[in-house]
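Heads up, the thing below is written out as structure tokens.
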Amino acid sequence: MFEYATLKVLWWGVVLLLVIGFAIMDGFDLGVGALLPFLGRTDSERRVLLNSIGPHWEGNQVWFITAGGAVFAAWPLVYATAFSGFYFAMILVLWSLFFRPVGFDYRSKLENPLWRSSWDWGLFVGGAVPPLVFGVAFGNLFEGIGFRFSPELHSSFEGRFLDLFTPFTLLSGAIALVMTLLHGSTYVILRTEGALNRRARRAARMLSILLAGLFPLAGEVLFRSVPGYRIVSGDPPGGLPNPLGKTVVREAGGWMDNVRDHPELWVIPALIYLGILLVFWGIRTRRPLLGFVGSALSTVGVIGTGAASLFPFVLPSSLDPSSSLTVWDCTSSRLTLMLMFWAALILTPVVILYTGWCYRIMRGPVTEEAIQKDSHSLY
């Protein structure tokens, strides 16, 4: 049905869609968790925040798990190489995520203020650390990862954990964190009332301005100080995967090649600022859903811009550019990609429909009055 090269590009799009889905669906509850100690001034307000995301956060993480599974099945070399190179970063994310299920389940079991405050900060860690780490990791894709392949395709790594932190990668981490906090604040506006809602509106305005400034700053740093990757020769896109079957060079400004060749790609970063305008317009007109859609649109713009700049590279190598993994040489077999395509085509709409039904059933604001009437609820 599809040529092998077409399937490779198709699965690049599917993985990108899953990553964006995770950033949007799980991003707002991570953002609410990170904002919990700051937006909620009283225990009742913090319980309002927790009850607004409590019924959804576990389902939202399906996108994260599915994205990991898709990378494992569609890009096995990327999965093996990246998880080895980012081992300590992944452990940090995993340990921070431990605070979420435990915090949600145990935070309100005791009325002791110290107990609840401790879990509030635990939920802050569980909400703030993952997007920060993922942002730094995403920035490292542009810098290149310290690995190379032997002729037998055994990967080896060099470098230290601290090498992952550069001005550009730290900016990338800051953008990811601000993007997540913005999405969380617009969700709070959508689901709350009163003083909590007013504080969330102020936070959304400040975070929107911060995102609008950080993104072009990161772009300037990338263009000026991070050389890009370019394939100068190699196997045809429809050939069998062979990471060492190409020649790659690094050149200043190389990450702008795709935009130069396809000016229509400027539409993608424009989505960031269109989303920010929608956030402000939604706040001004008291249309919270519009603001939430705006922050989601900004998320699409940030991730989409990075993906469009990287294509066809998936995992560039700083030690040996020709060992870099691309869309053309890191995939599974054609049969595997085809079977996965049909599975995704059938199951993804089911997940989306069920998720939409859950949000429709549990729509509407969460109020302090409702929380106080049910003082022994889970959250």
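- Residues H154 and R148 form no side-chain contact, since every pair of their non-hydrogen atoms from C-beta on lies 4.5 Å or further apart.
- Heavy atoms from other residues, nucleotides or ligands lying under 6.0 Å from CZ of F88 number 12 at most.
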- Query: What do the steps show when you test L182 against S185 for side-chain contact (heavy atoms from CB on, under 4.5 Å), and what is the final call?
  - Reply: CA-CA 5 Å; L182 173 60; S185 64; 4.0 Å; yes
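- In terms of the ring pair (Phe, Tyr, Trp, His ring centres under 6.0 Å) criterion, Y4 has no residue partners (sequence neighbours excluded).
- W12 places a side-chain heavy atom less than 4.5 Å from the side chain of L16.
- Counting non-hydrogen atoms of other residues, nucleotides and ligands closer than 6.0 Å to CZ of F72 gives a total of 12 or fewer.
- Checked for salt-bridge contact, D235 and K246 miss the test: no charged N lies under 4.0 Å from a carboxylate O.
- Applying the under-4.5 Å side-chain rule to Ile, Leu, Val, Met, Phe, Trp and Tyr, the cluster around L335 extends to L339.
- For an aromatic pair to be called close, the ring centres must be under 6.0 Å apart, and F83 with Y87 fails this.
- V279 approaches G291 most closely through the heavy-atom pair CG2-O, 3.5 Å.
- Put simply, V93 and I145 are part of the same group of oily side chains (I, L, V, M, F, W, Y) that touch within less than 4.5 Å, one to the next.
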- Message: M90 vs V133, test: side-chain contact (heavy atoms from CB on, under 4.5 Å). Steps then yes/no.
- Response: CA-CA 8 Å; M90 293 301 167; V133 173; over 6 Å; no
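- Under a hydrophobic clustering in which Ile, Leu, Val, Met, Phe, Trp and Tyr are joined whenever their side-chain heavy atoms come within less than 4.5 Å, directly or via other members, L77 and I231 fall into the same cluster.
- A donor-acceptor contact closer than 3.5 angstrom is absent between the side chains of S298 and S295.
- Across all their heavy atoms, W75 and V15 have their closest contact at CZ3-CG1, 3.8 Å.
- Shown here for I303 and A23, the closest heavy-atom pair between the two residues is CD1-CB, 3.5 Å.
- For E143 and T169, the side-chain atoms include no donor-acceptor pair closer than 3.5 Å.
- A distance-only check finds a donor-acceptor pair linking the side chain of S52 to the backbone of L49 [under 3.5 Å].
- At a threshold of 4.5 Å between non-hydrogen side-chain atoms, the residues R116 and N112 do not count as touching.
- In this structure, F147 has its ring center under 6.0 Å from that of F149.
- Remark: F99 engages no residue in a ring pair (Phe, Tyr, Trp, His ring centres under 6.0 Å) (not counting sequence neighbours).
- Residue P365 comes nearest to E193 through the heavy atom pair CG-OE2, 3.5 Å, listed as atom of the first residue, atom of the second, then distance.
- Residue pairs satisfying the ring pair (Phe, Tyr, Trp, His ring centres under 6.0 Å) criterion with at least one member in residues 24-52, sequence neighbours excluded, are listed as follows: F28-Y187, F28-F292, F38-W121, F38-F124.
- Within a 6.0 Å radius of CG in L240, other residues, nucleotides and ligands contribute 12 heavy atoms or fewer.
- One finds a salt bridge joining D257 and R260 here, because a Lys/Arg side-chain nitrogen approaches an Asp/Glu carboxylate oxygen to under 4.0 Å.
- The side-chain heavy atoms of V366 and T192, taken from C-beta on, include no pair separated by under 4.5 Å.
- Listed by chain and residue number, nothing satisfies the side chain to side chain donor-acceptor pair (under 3.5 Å) test with S118 (two or more places apart in sequence, or in another chain).
- Both V9 and L315 belong to a single network of hydrophobic side chains, linked directly or stepwise wherever heavy atoms of I, L, V, M, F, W or Y lie under 4.5 Å apart.
- Partners of Y359 according to the side chain to side chain donor-acceptor pair (under 3.5 Å) rule, which considers only residues two or more places apart in sequence or in another chain, are N60.
- Here the closest heavy-atom approach between residue P269 and residue F215 is recorded as CB-CE2, 4.1 Å.
- For K8 (side chain) and W328 (main-chain N/O), a donor-acceptor pair under 3.5 Å exists by modelled atom type.
- Contact check for V300 versus I24: side-chain heavy atoms found under the 4.5 Å cut-off.
- At least one donor-acceptor pair under 3.5 Å links the side chain of S96 to the backbone N or O of L92.
- Under a 3.5 Å cut-off, the side chain of S225 and the backbone N or O of V221 do form a donor-acceptor pair.
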- Could you go through the side-chain contact (heavy atoms from CB on, under 4.5 Å) check for F313 and L141 one step at a time? CA-CA 9 Å; F313 291 93; L141 297 183; over 6 Å; no
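- We find that R334 and E3 are not joined by a salt bridge, their nearest charged nitrogen and carboxylate oxygen being 4.0 Å or further apart.
- Under a hydrophobic-cluster definition in which Ile, Leu, Val, Met, Phe, Trp and Tyr are linked whenever side-chain heavy atoms come within less than 4.5 Å, directly or via other members, I20 and I65 are assigned to different clusters.
- Within the 4.5 Å cutoff, the side chain of R199 has heavy atoms near those of the R41 side chain.
- Using a 4.5 Å heavy-atom cutoff, the side chains of W281 and R287 are in contact.
- Of all non-hydrogen atoms in Y273 and P216, the two that sit nearest each other are OH-CD, 3.1 Å.
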- Decide yes or no on side-chain contact (heavy atoms from CB on, under 4.5 Å) for L97 and F64, but give the supporting numbers first. CA-CA 12 Å; L97 288 175; F64 180 45; 4.2 Å; yes
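- Proximity of a side-chain donor or acceptor of R107 to a complementary backbone N or O of W119 within less than 3.5 Å is not detected.
- Annotation: side chain of S156 is not in contact with side chain of S150 (no heavy-atom distance under 4.5 Å).
- Between Y229 and W255, the ring centre distance stays below 6.0 Å.
- With hydrogens and angles disregarded, no donor-acceptor distance shorter than 3.5 Å links the side chain of D29 to the backbone of I53.
- By the 4.0 Å N-to-carboxylate-O rule, D120 lies too far from R47 to be salt-bridged with it.
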- Would S322 and T247 satisfy side chain to side chain donor-acceptor pair (under 3.5 Å), going step by step from the backbone distance to the final call? CA-CA 5 Å; S322 294; T247 302; 4.9 Å; no
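- Under 3.5 Å, the side chains of S317 and S324 contain no donor-acceptor pair of N or O atoms.
- Hydrophobic clustering of Ile, Leu, Val, Met, Phe, Trp and Tyr side chains at less than 4.5 Å, counting indirect connections, unites V32 with L289.
- Remark: the T326 side chain and the D329 side chain contain an N/O donor-acceptor pair separated by less than 3.5 Å.
- Heavy-atom neighbours of W266 CH2 from other residues, nucleotides or ligands within 6.0 Å: at or below the threshold of 12.
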